[in-house]
There are 2 protein chains.
Amino acid sequence: MPRKRTELDRDEKVEQILDYAVGLLRNGGHEELSVNRIARDLGLSRAAVYWYFPSRDELFTAACARLFADAFSGPPARGGVASRIRWGVDRFAAIYDVYAALLERAPTEQAAADLLRAFDQSLCRRLTDLLAPHVAADQLDGVVETIVVFVEGLLGRRLPAAERNRRLTTALDVLVPEH
Amino acid sequence: MPRKRTELDRDEKVEQILDYAVGLLRNGGHEELSVNRIARDLGLSRAAVYWYFPSRDELFTAACARLFADAFSGPPARGGVASRIRWGVDRFAAIYDVYAALLERAPTEQAAADLLRAFDQSLCRRLTDLLAPHVAADQLDGVVETIVVFVEGLLGRRLPAAERNRRLTTALDVLVPEH
DNA sequence: ACCTGAACACCGTTCAAGT
DNA sequence: ACCTGAACACCGTTCAAGT
């Protein structure tokens, strides 16, 4: 089947570009993800990349989806509520710079907005399950929403992990008094 | 006094460049602040700008200082605690994109970090004065810190003003119960 | 269908040379 | 002291031309 064969080749090439893009994202963030750089390192002409991705922004968004999916994989932390939340925050911190770059693009790029929405919902769901036994039912949604937004603000500061955890603890003491 | 005259001329030129840079920042944010653009529009060669500012980043930080100082000028809002906080958040929202760009540079640029620190302290001081009558003294610092960080997270979402205010209200209900 | 080479319109920064 | 012109090393994107 020659048609199938071609599609497979194409998928492999897309895969190769995407994988390399994720690597660049992990190292140097959004700035380092350059079409020229990918083409050079992969032995293509710059224009060839545009055969597989219509723009740098769409390639960036696709690479973000991969990165985010990987970020929260692995076994979640054990222990109390606070230490489980800290685990999630640490994972989030590792990808925050890329997340912030995506936030910046979301107003003008639908795919970016969709990915962020899905990511946010996934965070809220996990946190809701975690906090349900410790927060009054009529306050649960508000507390979850507030914590997630607070954590994003906290990560924006790019503080050292110790100071970040101090502030997180302070906030959790106020928001979830009996945990 | 020829020496004085020269310094004045220099200050005027610095002023002119800075003013124009702030204008670019107000319109298109960090992306639009380009050395080439400034040189072209002001009738200079690109290299001439570097006689007054050592790099694009330092020019950006200097322009940010101007922008932030202007942002919270004017009479503060009247009314209850919630509506005064909303006023501040709306002002903050107007400069948030620039603020986020500065946050990104703070880890590698001292001047940016200093400006952000001063800005943050000013916000915390104002909010502390506002909340002192409504929050227990031993919780005041924690609540103020949490609200400021929450607001930064909220602005990062770049939501429409109505949705932003909804979420702010939800958070304030949790954080400042009897306001 | 897939890819190249060249072009276009941009960047920030440096530096020898001019006044 | 102040400024220019040219150069360097980058960007993202488009497109006619090749296979």
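Naming convention: chains lettered A, B, ... in sequence-line order (proteins, then strands); numbering from 1 in each chain.
When the options A/Tyr99, A/Tyr96, A/Phe60 are evaluated for a ring-ring contact (aromatic ring centres under 6.0 Å, His included) with A/His30, the one that passes is A/Phe60.
Within 6.0 Å of CD in B/Glu31 there are 12 or fewer heavy atoms belonging to other residues, nucleotides or ligands.
Here A/Trp51 does not reach the OP1 or OP2 of C/dC3: none of its side-chain N or O atoms lies under 4.0 Å away.
A search for ring-ring contact (aromatic ring centres under 6.0 Å, His included) contacts involving A/Tyr20 returns nothing, not counting sequence neighbours. Residues satisfying the side-chain contact (heavy atoms from CB on, under 4.5 Å) test with A/Val174, not counting sequence neighbours, are B/Val143, B/Leu175. For B/Glu163, the salt bridge (charged side-chain N to carboxylate O under 4.0 Å, His left out) test picks out B/Arg166, B/Arg167, with sequence neighbours left out. Checked against salt bridge (charged side-chain N to carboxylate O under 4.0 Å, His left out), B/Arg158 has the following partners two or more places apart in sequence or in another chain: B/Asp97.
Rounded to an integer number of Å, the gap from CG of B/Leu44 to C1' of D/dC2 is 11 Å. For the pair B/Phe53 CZ and D/dC2 P, the interatomic distance rounds to 13 Å; values are reported in whole Å. As rounded to whole Å, 14 Å separates atom P of C/dC2 from atom CD of A/Gln16.
Residue pairs meeting the ring pair (Phe, Tyr, Trp, His ring centres under 6.0 Å) criterion with at least one partner in residues 38-59 of chain A, sequence neighbours excluded, do not occur; the list is empty. Listed by first and then second residue, the side-chain hydrogen bond (donor to acceptor under 3.5 Å, both in side chains) pairs involving residues 65-82 of chain B are B/Glu15-B/Arg66, B/Asp19-B/Arg66, B/Arg26-B/Asp70 (not counting sequence neighbours). Sorted by first then second residue, the ring pair (Phe, Tyr, Trp, His ring centres under 6.0 Å) pairs that include residues 120-161 of chain B, not counting sequence neighbours, number zero.
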Which atom pairs, donor and acceptor, lie under 3.5 Å between side-chain atoms of residues 118-130 of chain A and protein residues at least two apart or in another chain?
residue	atom	partner	partner atom	Å
A/Asp120	OD1	B/Arg157	NH2	3.0
A/Asp120	OD2	B/Arg157	NH1	3.4
A/Thr128	OG1	A/Cys124	O	2.7

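D/dA7 and C/dC11: their C1' atoms are spaced 14 Å apart (whole Å). As rounded to the nearest Å, D/dA9 and C/dA9 have P atoms that lie 23 Å from one another.
Among C/dT4, C/dC2, D/dC3, the nucleotide with an atom closest to any side-chain atom of B/Lys13 is D/dC3.
No side-chain heavy atom of B/Asp141 sits less than 4.5 Å from a side-chain heavy atom of A/Thr170.
Annotation: proximity of residues 22-32 of chain A to DNA chain C (heavy atom, distance under 4.0 Å) is found for no residue. Listed by residue number, the members of residues 101-111 of chain B with any heavy atom below 4.0 angstrom from DNA chain D form an empty set.
Taken to the nearest 0.5 Å, the CD atom of A/Glu152 stands 11.5 Å off from the CG atom of B/Leu155. For the atom pair CD (B/Glu12) and CD1 (B/Ile17), the distance works out to 12.5 Å, reported to the nearest 0.5 Å.
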- [ ] For DNA chain D, just give me the dot-bracket, please: Watson-Crick or G-U, both distances below 3.5 Å, ( ) intra-strand, [ ] crossing earlier pairs, | paired with another strand, . unpaired.
- [x] ||.|||||...|||||.||
Task: Per-nucleotide protein contact string for nucleotides 8-19 of chain C, where B marks a base within reach and S marks sugar-phosphate only (heavy atoms under 4.0 Å, - for neither) - done: ---BBBBB----
